[in-house]
Amino acid sequence: MKFQIITSLTALYLTVLTVAQFTSPQYLKSPIGGRLTTDDKWSKAYDRARSVVSQMTIPEKVNLTTGSGWEADLCVGNTGSVPRFNIPSLCMQDGPLGVRFTDFISAFPAGITAGASFNKELIAFRGKALALEHKAKGVHVVLGPAVGPLGRNALGGRTWEGFGADPYLQGVAARATTREIQKAGLVATIKHFIGNEQEHFRQVGEYYGSGPISQSLSSNIDDRTMHEIYMWPFADVVNEGVGSVMCSYNTINNTYACENSYLINKLLKEELGFQGFVMSDWWAMKTGIFSAQAGLDMAMPGDSGYFTSPDTFWGNRLTRAVLDGSLGDWRLDDMAVRILAAYYYVGLDSINTTQSGPNFSSWTKDTWGFEHPLGNVGWREVNKHVVASNNDLSKSAALQVATEGIVLLKNSGNVLPLVGGSLNPRKINIFGKAAGPDPRGANCKPDFACSDGALGQGWGSGAVDFQHFVTPFEAVNDAARKIGMTVDYDFTAFNLDGFLSKVSIADANIIFALTNAGEGFASFDSNYGDRRNASLWHNADEVILRAAEKNKNNIVVISSVGPTNLERWIDHPNIKAVLFALPGGQDAGIAVANVLFGLSNPSGKLPFTIARDDKDYIPIVTSPGNGKPQADFTEGIYVDYRLFDKNGLTPRYEFGYGLSYSSFGLSDFKIESGTAPSEQLPQPPSLKPVSALACNKPTNADAYTFPPGFAAVPRYIYPWLSNSGDVGNVKGSCINVTDAISSAPLAGGGLGGNPALFETAYTLSVTAVNNGPFPGSQAFQLYVEYPQGGKYDVPPRQLRGFEKPYLNVGQSAKLTFKVQRRDLSVWDVESQSWVVPRGKYRFLVGNSSRDLPLSAEITI
Ligand SMILES: *[C@@H]1O[C@H](CO)[C@@H](O)[C@H](O)[C@H]1NC(C)=O
Ligand SMILES: *[C@@H]1O[C@H](CO)[C@@H](O)[C@H](O)[C@H]1NC(C)=O
Ligand SMILES: *[C@@H]1O[C@H](CO)[C@@H](O)[C@H](O)[C@H]1NC(C)=O
Ligand SMILES: *[C@@H]1O[C@H](CO)[C@@H](O)[C@H](O)[C@H]1NC(C)=O
Ligand SMILES: *[C@@H]1O[C@H](CO)[C@@H](O)[C@H](O)[C@H]1NC(C)=O
Ligand SMILES: *[C@@H]1O[C@H](CO)[C@@H](O)[C@H](O)[C@H]1NC(C)=O
Ligand SMILES: *[C@@H]1O[C@H](CO)[C@@H](O)[C@H](O)[C@H]1NC(C)=O
């Protein structure tokens, strides 16, 4: 069935596609890792991994691939160990904004907040701080960063974990984060691969307010959109050398992501040349042998189908599948080699295995606990309470990202900053539940799915325990006190006498409002992960309007996980200023106070579009249909601003928008150098030949059963079979791969794809100046308009660069943008490759996706 991109908006949502069902082609040639000739570091890691794995027994190899089970060990996921080669059980831990389930760590601002900073160095700085905290706690594999969800759905529950609704922004930010995690000697995990854009129906067995379902939501994504939008940031991170990719809960074209062979074997491993290992999201695995054939390399946490049975698809079953020939030996070898190659690639072998491993338990806050909580075995001191966060790096990363993630949306008459702006109030009121502490504390259960106080992070596995949380009230009150400003407050509902009697007697009201969202396993106020609407919570619109009726100076501070409807009051003349703060982590309140009082000049930019009409957003699928809910990505490549631009929809605030207390100018935009890339990619480098590992497959059954006298932990997943009867007849010969590809596809051959894609095509430059009254930073953005009216339908403009200089008053700086071949390419479905269309390209630079005063052109 042909997939058609329907571009008219009405048609988009109303058309019932005549597509019977989307399906994924099978692609069972699982690419063997280590065949790239373009990367020495991976080659060396592969040499070492192959030499060790070639000496391993089948149960040892299986041990690397299979987790020990949920709560079987101390981390959220743990592999088996290989004691004979000093390879410890690997500790996998969430997550993208801090170390989950432990103490003395930082709750950093969320990914979306880092994205809103549009500051590459700062994003890397956050990545480094995050990495070192994981390392201090003994984590080996960090379950982050996240670039999926990408942000297709404005109300998507986990979009705040990633960096913003644009593949380029996601790619740059995730690459910087990955680089820092792996520089610290840990494996980074880029997730979730792929199309996990909403929480509703992600897992059979979870409740979303409707259902039940018999199959996870299918994200039906056409090939071009897959490449140009959803896979794009994954390609960046693979190019950076990421060690691990996590496949997602949903199905793609009705095949589960973790057993989608076209996705993993063809797109990820063959085309993007991914050299690390693919791990399942927790319980996202649905089959054993089929998943292995599809290219899955590691089953997490066991992987057992949490909602169905406490069993495993792999472990001893994988051992038997290899023994009886159901799965080729080559595939198990490749899984083990890929895992160990990633291990050597980042330098995990340098850890001291005697003192390695986590020095915390995910399952208890007490000092003493079981080493194997599921089996109640190994009572010991599990929590060493190592202080990971008390250092300058962590502290400044946490505050700086929160600050630069604040977007100034409106500032009529320059009422802000409170000190040094036009208003200079002497008495302020603070209103709104979002200003103060949650009555249930900073760490409410379950997993932070609560919102009766200020917002620091969303909920779910992407959240961590706050060691401290500074509310806006606390920080604003403190800042006001220091300068002798009078402050009163009311965090309760709007219709109380207290509120109304206070509103008019201050020089300004500062009204705090929020929206929240999180992972689909928890809900709050009927928000089943995804938000059920884009409006502010706790009746905040009413609070704001009532305040605006009675006082002419009102400042609104929104803390939100995503786009928010501002329409009821944004144009009100008495709403003078609006700040939009992305989830700011532990110091969210300090960051807001610093911006309000002018200690920091706001410099965040919206990492998504804020619409005027909620109907302009792509809706969440909330109907289970016939039990196999379908999300047809009919908008194709037109996600977020691409959709608004294409359809002529006027947003309230566009992607990339954000004001400053200062003002900046740009001049002298030019193409400094470059040559036109060829239309077609050059042939990719050749691949190394496939060579099988030594065959190590003794026929005696006791090689595959528990060693005599082994003290097995109850309910723990092992690679051994229980008795020799289960082993069956072992054929001593090994099944080697016979149908490996002989050469890379045109789009492949290097990390992240054909190496030519990442070559600089043009270098551009522009001069920026701060000609306003305050020092500060501004994130200047480069967009590219592809040739219009040709063979390819292309968005009016796409983000392809950003630079954020800090400039003192009157200071100027020259900014440089490097545009790669990929930045000028479209995915050509027919030739299955990237093409640089011929015609006129326009480069546009400015301060948002719709404020692009300077341009330069080139005809290719
Ligand atoms: C999904 O189906 C579309 C339409 O047939 C196709 O273009 C795309 O390549 C498929 N993707 C996967 C991963 O199966
Ligand atoms: C597999 O890992 C477990 C847990 O670390 C360990 O007890 C067992 O000895 C390992 N098995 C092999 C074959 O190395
Ligand atoms: C905690 O774990 C790290 C990493 O394994 C290790 O370097 C450190 O010594 C451990 N600290 C304690 C107190 O166990
Ligand atoms: C590894 O750690 C143990 C226990 O802390 C220590 O005795 C040993 O010297 C360390 N080994 C190396 C090579 O540093
Ligand atoms: C939107 O969701 C919030 C949070 O659940 C809720 O308080 C509010 O009533 C909803 N608004 C509408 C218009 O449904
Ligand atoms: C955007 O940039 C242009 C050119 O530098 C400048 O004139 C304009 O004031 C800027 N707009 C905003 C909102 O900062
Ligand atoms: C598989 O390859 C190994 C290593 O080259 C070799 O020893 C073995 O005989 C091969 N097995 C078969 C069935 O060809």
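Values below: every heavy atom of this structure, side chains too, minus hydrogens, waters and symmetry copies. In each ligand, atom 1 is the first atom listed, and ligand 1 is the first ligand listed.
- In this structure, the separation between CG on L263 and CD on E271 is 11.0 Å, given to the nearest 0.5 Å.
- For Y46 and Y345, the gap between ring centers reaches or exceeds 6.0 Å.
- Ligand 7 places these atoms under 4.0 Å from at least one heavy atom of L693: 3 (C), 4 (C).
- Here the straight-line distance linking atom CD of E259 with atom CD of Q26 works out to 9.5 Å at 0.5 Å rounding.
- Interatomic distance, CG of L64 versus CD1 of I87, reported as 6.0 Å (0.5 Å rounding).
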Chi angles and distances behind the salt bridge (charged side-chain N to carboxylate O under 4.0 Å, His left out) call for R48, D349: CA-CA 11 Å; R48 294 181 68 189; D349 56 305; 2.9 Å; yes
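- For ligand 2, the atoms closer than 4.0 angstrom to any heavy atom of G80 are 2 (O).
- When all heavy atoms of A398 and D587 are compared, the closest pair comes out as CB-OD2, 4.2 Å.
- Short contacts between ligand 2 and P83, defined as distances under 4.0 Å to a heavy atom of the residue, involve ligand atoms 14 (O).
- Among all protein heavy atoms, the one lying closest to atom 5 (O) of ligand 2 is S81 OG, 2.7 Å.
- In terms of protein heavy-atom proximity, atom 1 (C) of ligand 2 is closest to N63 ND2, 1.4 Å.
- Annotation for ligand 7: atoms under 4.0 Å from non-hydrogen atoms of A692 are 2 (O), 4 (C).
- Nearest non-hydrogen protein atom to atom 14 (O) of ligand 3 is N359 ND2, 3.3 Å.
- Protein heavy atoms are absent from the space less than 4.0 angstrom from atom 9 (O) of ligand 7.
- Protein heavy atom nearest atom 7 (O) of ligand 3, with residue, atom name and distance: Q355 NE2, 4.2 Å.
- Residues V730 and Y704 approach most closely at CG2-CE1, 4.0 Å, considering heavy atoms.
- Residue V386 has at least one heavy-atom neighbour below 4.0 Å for each of these atoms of ligand 3: 11 (N), 12 (C), 13 (C).
- Y249 and H192 have their aromatic ring centers separated by at least 6.0 angstrom.
- The heavy atom nearest to atom 6 (C) of ligand 7, out of those in N736, V737, N696, D333, is found in N736.
- Here P358 has no heavy atoms under 4.0 Å from ligand 3, in either its backbone or its side chain.
- When each atom of ligand 3 is checked for a heavy atom of A136 under 4.0 Å away, the hits are 1 (C), 2 (O), 3 (C).
- Summary of contacts: the protein heavy atom closest to atom 4 (C) of ligand 2 is Y716 OH, 3.4 Å.
- Of all atoms in ligand 2, listed by their number and element, those nearer than 4.0 Å to a heavy atom of W720 are 8 (C), 9 (O), 11 (N), 12 (C), 13 (C).
- Listed here is the closest heavy atom pair of A397 and R126: CB-CA, 4.1 Å.
- The closest non-hydrogen atom to atom 13 (C) of ligand 7, taken over C734, S733, G732, comes from C734.
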Candidate pair F360 and F101, rule ring pair (Phe, Tyr, Trp, His ring centres under 6.0 Å), full reasoning: CA-CA 9 Å; F360 68 95; F101 287 150; 9.0 Å; no
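- A cation-pi arrangement, defined by a distance under 6.0 Å to the six-membered ring centre and an angle within 45 degrees of its axis, is absent between K269 and F274.
- In terms of polar-atom proximity, defined here as any N/O pair under 3.5 Å, S89 makes no such contact with ligand 2.
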